[in-house]
Undergrad: 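I have a structure I would like to understand better, so I am pasting it below and will then ask my questions one at a time.
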Amino acid sequence: MLPKRSNVLFCRSLSITIACGAVVMLLLFSACSGRHKDMGDAITERDSLPVMDTKGVMTLISDSGVTRYRINTEEWLVFDRKNPPYWAFEKGVYLEKFDSVFNVEASVKADTAYYYEKQKLWKLMSNVDIQNLKGERFETDLLYWDQNKHTIYSDQFIRIEQPDRIITGHGFDSNEQMTIYTIRKPEGIFYVDDDATAPADSLQTDSVQTGSVRTDSIKP
């Protein structure tokens, strides 16, 4: 009789041990699942945050080992986890482009700018103001600068101020130095020279071509 009672006690103890083990495993699994969820939320939050947030920046940027640009900005944000990654200048930016002997080929101001590093593409927005080495001034609200293709372009309204006239139109393509450029849909030429034969507020209907700008089919 005693051996049978011992077997019964052993079985009961084994059942209790298995049940306790199952409860512990369930608790551990739940805890691990909760921890995994928290980690996932943290990673998602990190993806939306800048890896760099710098205030009051004045920096030089090189291209192929040669200093090409100088940037002044109130705030510079770098988002390395975005797709695609980009730099953000949402409080305004002033940029100068140098030639090989550090002459300023062009200066650029904009209220907002984004730079997509992998594509080497600038997107300049709102009150974009550019001056080239010849003193010509370009004003628009949207401009793209493709450093791979060495082109600057826009599909928005643009105003070009030359020493003797102001040219307006929609759509614009230029080289990086802003010295050879074309207005896709020119609207008019406003002469500002007092000795010019055309009045200051007139629109020209003939195509105009100079050494720096070509405008075709200007419509009144």
Undergrad: Do the side chains of Phe138 and Asn132 get nearer than 4.5 Å, heavy atoms only?
TA: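 Side chain of Asn132 against side chain of Phe138, heavy atoms only: contact under 4.5 Å found.
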Undergrad: Just so I know, are the side chains of Thr179 and Lys134 near enough to count as touching, which here means a heavy-atom distance under 4.5 Å?
TA: yes
Undergrad: To the nearest 0.5 Å, what is the distance between CG (Leu60) and CD (Glu96)?
TA: 9.5 Å
Undergrad: Ignoring hydrogens and angles, write down the donor-acceptor pairs under 3.5 Å from the side chains of residues 121-129, residues two or more places apart or on other chains.
TA:
residue: Ser126; atom: OG; partner: Asp111; partner atom: OD2; Å: 3.0
residue: Asn127; atom: ND2; partner: Asp111; partner atom: OD2; Å: 2.6
residue: Asp129; atom: OD1; partner: Arg137; partner atom: NE; Å: 3.3
residue: Asp129; atom: OD2; partner: Arg137; partner atom: NE; Å: 2.9
residue: Asp129; atom: OD2; partner: Arg137; partner atom: NH2; Å: 2.6

Undergrad: Are Gln162 and Ile167 packed together at the side-chain level, in the sense that at least one heavy-atom pair is separated by less than 4.5 angstrom?
TA: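 When only atoms from C-beta onward are counted, Ile167 and Gln162 do touch, with a gap below 4.5 Å.
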Undergrad: For Glu136 and Tyr181, which I'm curious about, is there any donor-acceptor pair between the side chains at under 3.5 Å?
TA: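 A donor-acceptor contact under 3.5 Å links the two side chains.
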Undergrad: Begin from the C-alpha positions of Phe172 and Thr182 and carry the test side-chain contact (heavy atoms from CB on, under 4.5 Å) through to its verdict.
TA: CA-CA 6 Å; Phe172 174 81; Thr182 302; over 6 Å; no
Undergrad: Do Trp145 and His150 have side-chain heavy atoms sitting under 4.5 Å apart?
TA: no
Undergrad: About how many Å separate CG of Asn175 and CD1 of Ile180, when rounded to the nearest 0.5 Å?
TA: 5.0 Å
Undergrad: Would you please say whether a donor-acceptor pair under 3.5 Å links the side chains of Gln156 and His170?
TA: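 No, no side-chain donor-acceptor pair sits under 3.5 Å.
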Undergrad: Run the ring-ring contact (aromatic ring centres under 6.0 Å, His included) test on Trp76 and Tyr86 for me, step by step, so that the C-alpha distance in whole Å, both residues' side-chain angles and the decisive distance to 0.1 Å come before the verdict.
TA: CA-CA 11 Å; Trp76 181 3; Tyr86 64 88; over 10 Å; no
Undergrad: Is there a path of hydrophobic side-chain contacts, each under 4.5 Å between heavy atoms, that joins Tyr114 and Leu77?
TA: yes
Undergrad: Should Val93 and Ile71 be marked as a side-chain contact (heavy atoms from CB on, under 4.5 Å) after you check the CA-CA gap, both sets of side-chain angles, and the distance that decides it?
TA: CA-CA 7 Å; Val93 65; Ile71 294 178; 3.9 Å; yes
Undergrad: Could you tell me if the side chain of Val57 sits less than 4.5 Å from the side chain of Phe89, heavy atoms only?
TA: no
Undergrad: Identify each donor-acceptor pair in which a side-chain atom of residues 101-108 lies under 3.5 Å from a protein atom, sequence neighbours left out, and give them as a table.
TA:
residue: Asn103; atom: ND2; partner: Asp99; partner atom: OD2; Å: 3.3
residue: Glu105; atom: OE1; partner: Lys97; partner atom: NZ; Å: 2.6

Undergrad: Would you say that Pro50 contacts Arg81 through its side chain, given a criterion of any heavy-atom pair below 4.5 Å between the two side chains?
TA: no
Undergrad: To the nearest 0.5 Å, tell me how far Ile160 CD1 sits from Arg165 CZ.
TA: 9.5 Å
Undergrad: Using the test ring pair (Phe, Tyr, Trp, His ring centres under 6.0 Å), find all partners of Tyr153 that sit at least two apart in sequence or belong to another chain.
TA: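 Residues passing ring pair (Phe, Tyr, Trp, His ring centres under 6.0 Å) with Tyr153: Tyr144.
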Undergrad: Under the side-chain contact (heavy atoms from CB on, under 4.5 Å) criterion, do Thr54 and Glu75 qualify, and how do the steps go?
TA: CA-CA 6 Å; Thr54 308; Glu75 183 179 61; over 6 Å; no
Undergrad: Is there a side-chain contact between Val192 and Ile166 (heavy atoms, below 4.5 Å)?
TA: yes
Undergrad: Who pairs with Lys120 by side chain to side chain contact (heavy atoms under 4.5 Å, CB included), at least two apart in sequence or on another chain?
TA: Asp63, Tyr115, Gln147, Asn148
Undergrad: If we ignore hydrogens and angles and just use 3.5 Å, is the side chain of Ser154 paired with the main-chain N or O of Leu142 as donor and acceptor?
TA: yes
Undergrad: Could you check whether atom NZ of Lys118 has more than 12 heavy atoms from other residues, nucleotides or ligands sitting under 6.0 Å from it?
TA: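 Check fails, neighbour count at 12 or below.
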Undergrad: Would Glu161 and Arg159 count as a salt bridge (charged side-chain N to carboxylate O under 4.0 Å, His left out) if you check the C-alpha gap in whole Å, the side-chain angles of each, and the deciding distance to 0.1 Å?
TA: CA-CA 7 Å; Glu161 184 176 333; Arg159 178 182 184 274; 3.2 Å; yes
Undergrad: With clusters built from Ile, Leu, Val, Met, Phe, Trp and Tyr whose side-chain heavy atoms come within less than 4.5 Å, directly or transitively, what are the remaining members of the cluster of Phe157, listed by chain and number?
TA: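 Grouped by the 4.5 Å side-chain rule, Phe157 forms a cluster of one, so the answer is none.
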Undergrad: Begin with the C-alpha distance, continue with both residues' side-chain angles, and end with the deciding distance and a verdict on side-chain contact (heavy atoms from CB on, under 4.5 Å) for Ile152 and Leu143.
TA: CA-CA 7 Å; Ile152 295 174; Leu143 200 72; 3.5 Å; yes
Undergrad: Give me each pair satisfying salt bridge (charged side-chain N to carboxylate O under 4.0 Å, His left out) with a member in residues 167-177, each pair once, sequence neighbours excluded.
TA: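 Residue pairs with at least one partner in residues 167-177: Asp173-Arg184.
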Undergrad: Just wondering, do Glu117 and Trp87 contact through their side chains at under 4.5 Å, heavy atoms?
TA: yes
Undergrad: Return the CE to CG distance between Met52 and Asp80, rounded to the nearest 0.5 Å.
TA: 10.5 Å
Undergrad: Taking atom CG of Asn72 and atom OG1 of Thr59, what is their separation to the nearest 0.5 Å?
TA: 9.5 Å
